[in-house]
Amino acid sequence: MNENEITSIKGFRDILPEEVGIWQRLEAESRKVFEVFGFQEIKTPILEKTELFSRGIGEDTDIVAKEMYSFTDIKGRSLTMRPEATASVTRAYIQHRPYQKYPVQKLYSIGPMFRRERPQKGRFRQFYQINAEMFGDPGPKSDADIILMAISLFESVGLGDLTLNLNSLGCPGCRPSFKEHLRGYLADKTPLLCEDCRRRADTNPLRVFDCKIPSCKEVVTAAPTIADFLCQECRGHFESLQDYLNGSDIRFVLNSQLVRGLDYYNRTTFEVQTERLGAQNAVAGGGRYDGLVKLLGGPDHPAIGFAVGVERVVALLEDRETPALKNPDLFIAALGEKADRVSFKWIDALRKAGIWVELDYAAKGLKAQMKKAGRLGAGRVLIVGENELEAGKGILRDMVTTEQVEVDLKEIVETLKGILGR
Ligand code: HAM
């Protein structure tokens, strides 16, 4: 590497053109699926006040405690590059009050998020999420609908082999008693826990379920489970959700240790997981967050949502699809000044008809231009020089069959549109 070269930052990657095709397909499928579920796109800023995330996601979460890209601006305000979209979309929901018009709001967004995690396979510091949020309905039917939408998205891109993990985290009424029991269970096991979990055992014991360190995982295998502590309402909600899912033939596994890394959740939480990506196995995660709108200063409105990790889904799709670049339909090899001028006009007209036409900007000789057309993988080449112009006939070469035909130059744009099928 040249010592003057400036490279990208660790954990921040370039998505090169070869890969972009799959990204675009995933985004297009999301839009298609989400829109038939009645979701509308919203775009929120990448930069927000730090307080939005510290209050919304929770001071005690890994994201807020150690992963945010925050800085103080010139006026002394602390700003943060969004680590996720839910808090931002919720802020926009509160700020613009769309619920005054329609009580149930369904919003999706697509864009980059930023977390200063340790980069590894499937984990980046800038990563993209496809995010969906539904505000205004508290019932299990909306949980089922949003889960169905996530599964529909994966099916629409050909990923039917994923596992849906489901849990209920209870509500502010029943969770505290579970927390207390868990705290009690963990109290005499602190020597077996990692340093982070020793702290968590007291401050936020549910988070211990999320730890990837083997000794901590071992400790929680025999821990009390939230399922035994759910109040009647939470239990009823969870059972009803499962009935809806069963009724729609959505397969799921109950995972009472699925706690998620953000504090705003209550009741339903879920993750879509794969076995094909190693440690970073969640391709989507979400759940209900009935308290967040109020916590961020809005009305007491319930909500549920999820986010898909784009890089991880793309990695799964790349396993089975060879990323491919598209090729030009036509290359015009113009020889000499006059042909160069005349054909430049044709190119403009052909492009307006949706035909991808390439040309040689440097106007070199025929051999060089044919070589360039070959490199670009152009389907056909139109050759026009002084002689062809004079005779009113150009040569059209099929680059696959190498067959060459004479074409009339008088109506060349129409002729080419016909041949190229536009
Ligand atoms: P999350 O579980 O933090 O949830 O992220 C959702 C998904 O984003 C993960 O399942 C994963 O696929 C992807 N992801 C997260 N961190 C990274 C990373 N560092 N590198 C690559 N991919 C990553 C949320 O963000 C919630 N806001 C989801 C939600 C929406 N809940 C309710 N509404």
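Just so it is clear, the structure is predicted and the values come from calculations on it, not from any experiment. Just so you know, these numbers use all the heavy atoms, side chains as well, and skip hydrogens, waters and symmetry mates.
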Under a 3.5 Å cutoff, is there a donor and acceptor pairing between the side chains of Ser30 and Tyr108?
no
Between the side chains of Lys141 and Asp145, is the shortest nitrogen-to-carboxylate-oxygen separation below 4.0 Å, so that they form an ion pair?
no
Output, in order, the C-alpha distance, side-chain angles, deciding distance and verdict of side-chain contact (heavy atoms from CB on, under 4.5 Å) for Ser168 and Ile226.
CA-CA 8 Å; Ser168 173; Ile226 179 85; 5.9 Å; no
State whether the number of non-hydrogen atoms from other residues, nucleotides or ligands found under 6.0 Å of Glu41 atom CD is greater than 12.
yes
Just by distance, do the side chain of Glu311 and the backbone of Tyr128 share a donor-acceptor pair under 3.5 Å?
yes
Looking at every heavy atom in both Leu350 and Val413, which two are closest together, and how far apart are they?
CD2-O, 3.9 Å
Which of these passes side chain to side chain contact (heavy atoms under 4.5 Å, CB included) with Val310: Leu26, Val283, Ile22?
Leu26
Minimum heavy-atom separation for Ala87 and Leu296, please, with both atom names.
O-CD1, 4.1 Å
Within 6.0 Å of CZ in Phe344, more than 12 heavy atoms from elsewhere:
no
Where do Lys217 and Lys212 come nearest, in terms of heavy atoms and distance?
CD-O, 4.0 Å
Would you say Phe252 and Leu241 make side-chain contact, with heavy atoms under 4.5 Å?
no
Interatomic spacing from CG in Leu376 to CZ in Phe331 - rounded to 0.5 Å
6.5 Å
Leu166, Leu169, Asn167 screened by side chain to side chain contact (heavy atoms under 4.5 Å, CB included) with Ser256, the one that passes
Asn167
Smallest heavy-atom separation, Arg175 atom then Leu206 atom, equals CD-CD2, 4.0 Å
Once you round to the nearest 0.5 Å, how far does CZ of Arg375 lie from CG of Asn327?
14.5 Å
Is it the case that atom CD in Glu3 sees more than 12 heavy atoms from other parts of the structure closer than 6.0 Å?
no
Close side-chain approach of Arg341 and Lys345, heavy atoms under 4.5 Å
no
To the nearest 0.5 Å, how far apart are OG in Ser156 and CD in Glu29?
4.0 Å
Would a distance-only check, ignoring hydrogens and angles, find a side-chain to backbone donor-acceptor pair under 3.5 Å from Ser248 to Leu245?
no
Step by step, would you call Ile63 with Met68 a side-chain contact (heavy atoms from CB on, under 4.5 Å)?
CA-CA 6 Å; Ile63 296 179; Met68 294 206 300; 4.3 Å; yes
Give a yes or no answer on whether the side chain of Gln24 reaches the backbone of Gly21 with a donor-acceptor pair at less than 3.5 Å.
no
Contact check, side chains of Phe209 and Leu182, non-hydrogen atoms, under 4.5 Å:
yes
Do any N or O atoms from the side chain of Asp398 and from the backbone of Val400 form a donor-acceptor pair under 3.5 angstrom?
yes
Taking atom OG1 of Thr86 and atom CG of Leu52, what is their separation to the nearest 0.5 Å?
10.5 Å
Within the 4.5 Å heavy-atom criterion, are Leu330 and Leu420 side-chain neighbours or not?
yes
Non-hydrogen side-chain atoms of Met134 and Phe306 separated by less than 4.5 Å:
no
Glu84/Arg115 salt bridge by N-O under 4.0 Å criterion
no
Has Arg55 got more than 12 heavy atoms of other residues, nucleotides or ligands less than 6.0 Å from its CZ?
yes
Determine, for Lys106 against Asp137, whether the closest basic-nitrogen to carboxylate-oxygen distance falls under 4.0 angstrom.
no
Do we see a donor-acceptor contact under 3.5 Å between the side chains of Thr50 and Ser78?
yes
Answer yes or no: is there a donor N or O on one side and an acceptor on the other, between the side chain of Lys393 and the main chain of Asn387, under 3.5 Å?
no
Asp329 side-chain N/O to Ile355 backbone N/O, donor-acceptor pair under 3.5 Å
no
Less than 4.0 angstrom from a charged side-chain N to a carboxylate O is my criterion; do Glu195 and Arg198 meet it?
no
For residues Glu133 and Tyr289, determine if any side-chain heavy atom of one lies less than 4.5 Å from a side-chain heavy atom of the other.
yes
So among Val104, Val89, Ile304, which one has a side chain to side chain contact (heavy atoms under 4.5 Å, CB included) with Phe135?
Val89
Between Arg125 (side chain only) and Pro119 (backbone N and O only), is there a donor and an acceptor less than 3.5 Å apart?
no
Side-chain heavy-atom pair Pro83, Met113 within 4.5 angstrom cut-off
no
State, with a plain yes or no, whether a side-chain heavy atom of Met399 is found less than 4.5 Å away from one of Met370.
yes
Check this for me, if you would: do Arg288 and Asp290 make a salt bridge, where the nitrogen-to-carboxylate-oxygen distance has to be below 4.0 angstrom?
yes
Of all heavy-atom pairs linking Ala132 and Phe39, the shortest is CB-CE2, 4.0 Å
Any ion pair linking Arg199 and Asp196 (charged N to carboxylate O, less than 4.0 Å)?
yes
Minimal heavy-atom distance between Leu409 and Trp346, with the atoms involved, is CD2-CH2, 3.8 Å
Interatomic distance, Tyr69 atom OH to Gln126 atom CD [nearest 0.5 angstrom]
9.5 Å
Side-chain donor or acceptor of Gln369 paired with backbone N/O of Ala334 under 3.5 Å:
yes
Is Arg207 salt-bridged to Asp60, cutoff N-O under 4.0 Å?
no
Looking at Arg397 and Arg380, would you say the former's side chain and the latter's main chain have a donor-acceptor pair under 3.5 Å?
no
Roughly how far, to the nearest 0.5 Å, is CD of Glu51 from OG of Ser70?
12.5 Å
I'd like to know whether Leu316 forms a side-chain contact (heavy atoms from CB on, under 4.5 Å) with Leu162, so could you lay out the CA-CA distance, the side-chain angles of the two residues, the decisive distance to 0.1 Å, and finally the verdict.
CA-CA 11 Å; Leu316 292 179; Leu162 304 170; 4.0 Å; yes
Take Arg276 and Asp161, measure what salt bridge (charged side-chain N to carboxylate O under 4.0 Å, His left out) needs, and give me the verdict at the end.
CA-CA 10 Å; Arg276 291 196 275 138; Asp161 58 340; 3.3 Å; yes
Applying side-chain contact (heavy atoms from CB on, under 4.5 Å) to Thr268 and Ile146, what does each step give before you reach the verdict?
CA-CA 11 Å; Thr268 311; Ile146 204 129; over 6 Å; no
Strictly distance-based, threshold 3.5 Å: is any side-chain N or O of Glu386 a donor or acceptor partner for the main-chain N or O of Gly336?
no
